[in-house]
Amino acid sequence: QVQLVESGGGLVQAGGSLRLSCAASQRTFGTYAMGWFRQAPGKEREIVAAISGSGGATRYADSVKGRFTISRDNAKITLYLQMTSLKPEDTAVYFCAAERSPLPWYVTWSEGTYDYWGQGTQVTVSS
């Protein structure tokens, strides 16, 4: 069982930056592929970025490519999402998720394969 706790959300003006963190409870954190998702009001949850257990492989949604960076520090058992050039359409609740994977270069893109989820952190971008 992995517990995930997000932090770092808040209110920011368009063009600004935020860094989200996701603290995990397991020291085996490096054996989990991780992802960031978001859900805006009235919309379905969508994946934003994903990273392999080793941190060596990443993938981004087209809508955030070049603006967001996913990273992880396995020693600190923490996942990050650096968000820059934020837009009002980035407003959403952001969730981190984990999937157990023995493959260090495996990136999970399908929401249904993630096993553990955090409670989410609100990001609001004002115009």
Side-chain angles (χ1 to χ4, degrees):
Q1 186 79 13
V2 178
Q3 293 182 329
L4 304 170
V5 179
E6 301 96 336
S7 62
L11 174 63
V12 64
Q13 289 188 333
S17 300
L18 279 175
R19 189 176 82 155
L20 304 183
S21 298
C22 172
S25 62
Q26 289 284 348
R27 287 291 171 183
T28 56
F29 180 65
T31 64
Y32 289 84
M34 301 293 295
W36 283 103
F37 291 76
R38 67 186 181 187
Q39 187 168 22
K43 294 187 176 181
E44 293 187 353
R45 188 160 57 188
E46 63 176 354
I47 190 165
V48 173
I51 190 167
S52 63
S54 68
T58 58
R59 184 176 174 181
Y60 296 91
D62 288 343
S63 59
V64 306
K65 202 171 293 183
R67 300 188 298 121
F68 291 10
T69 302
I70 188 171
S71 63
R72 64 192 298 160
D73 186 332
N74 287 346
K76 296 183 178 179
I77 56 174
T78 302
L79 174 74
Y80 302 101
L81 185 68
Q82 179 68 49
M83 305 184 294
T84 63
S85 301
L86 283 162
K87 305 174 181 180
E89 51 264 43
D90 294 318
T91 295
V93 177
Y94 284 71
F95 302 87
C96 62
E99 182 201 359
R100 184 68 183 269
S101 171
L103 304 175
W105 295 97
Y106 177 75
V107 175
T108 298
W109 200 246
S110 174
E111 178 176 346
T113 62
Y114 281 90
D115 302 309
Y116 305 101
W117 294 82
Q119 294 300 306
T121 186
Q122 176 71 46
V123 172
T124 303
V125 184
S126 62
S127 57

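The shown structure was predicted, so the numbers you read here are calculated from the model rather than taken from an experiment.
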Just jot down the salt bridge (Lys or Arg N to Asp or Glu O under 4.0 Å) partners of R19, sequence neighbours excluded, or say none.
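Scan of R19 (salt bridge (Lys or Arg N to Asp or Glu O under 4.0 Å), adjacent residues dropped) gives none.
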Which residues pass the salt bridge (Lys or Arg N to Asp or Glu O under 4.0 Å) test with R59, not counting sequence neighbours?
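R59 satisfies salt bridge (Lys or Arg N to Asp or Glu O under 4.0 Å) with no residue once adjacent residues are dropped.
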Residue pairs passing the disulfide bond (SG atoms under 2.5 Å apart) test where at least one lies in residues 57-93, sequence neighbours excluded:
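Output for this query is empty, none listed.
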Determine, using the 4.5 Å side-chain heavy-atom cutoff (strictly less than), whether [X] and [Y] are members of one ILVMFWY cluster.
X	Y	value
I70	Y32	yes
L4	V48	yes
V125	V64	yes
Y114	F95	yes
V12	M83	yes

Can Q26 and I77 be said to form a side-chain contact (heavy atoms from CB on, under 4.5 Å), step by step?
CA-CA 7 Å; Q26 289 284 348; I77 56 174; over 6 Å; no
Inter-residue atom distance [X].[atom1] - [Y].[atom2], 0.5 Å rounding:
X	Y	atom1	atom2	answer
L81	S21	CG	OG	9.5 Å
R45	W117	CZ	CH2	3.5 Å
I51	C96	CD1	SG	12.5 Å
F68	W36	CZ	CH2	11.0 Å

State which residues pass side-chain hydrogen bond (donor to acceptor under 3.5 Å, both in side chains) with T121; sequence neighbours excluded, sorted by chain then number.
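If we apply the side-chain hydrogen bond (donor to acceptor under 3.5 Å, both in side chains) test to T121, skipping adjacent residues, there are no hits.
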Nearest atoms (heavy-atom pairs only) where [X] meets [Y]:
X	Y	answer
V93	G120	CG1-CA, 3.8 Å
F37	A97	CE1-CB, 4.0 Å
S127	A14	CA-CB, 4.4 Å

Under 3.5 Å, side chain of E6 to main-chain N/O of L20, donor-acceptor pair present?
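Not a single qualifying donor-acceptor pair exists.
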Would the distance check show the side chain of Q39 and the main-chain N or O of A92 forming a donor-acceptor pair, the cut-off being under 3.5 Å?
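No, Q39 side chain to A92 backbone: no donor-acceptor pair under 3.5 Å.
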side-chain contact (heavy atoms from CB on, under 4.5 Å) between L79 and F29, intermediate numbers included
CA-CA 10 Å; L79 174 74; F29 180 65; 4.2 Å; yes
Heavy-atom count around [X] [atom1] within 6.0 Å, excluding the residue itself: above 12?
X	atom1	value
Q3	CD	no
K65	NZ	yes
Q119	CD	no

With side chain to side chain donor-acceptor pair (under 3.5 Å) as the rule and sequence neighbours excluded, what pairs involving residues 97-110 come up?
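Sorted result for residues 97-110: T31-R100, E99-T108.
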Give me each pair satisfying side chain to side chain donor-acceptor pair (under 3.5 Å) with a member in residues 73-94, each pair once, sequence neighbours excluded.
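Every side chain to side chain donor-acceptor pair (under 3.5 Å) pair that includes a residue of residues 73-94, provided the two are not neighbours, is R38-D90, R38-Y94, R67-D90, R72-N74.
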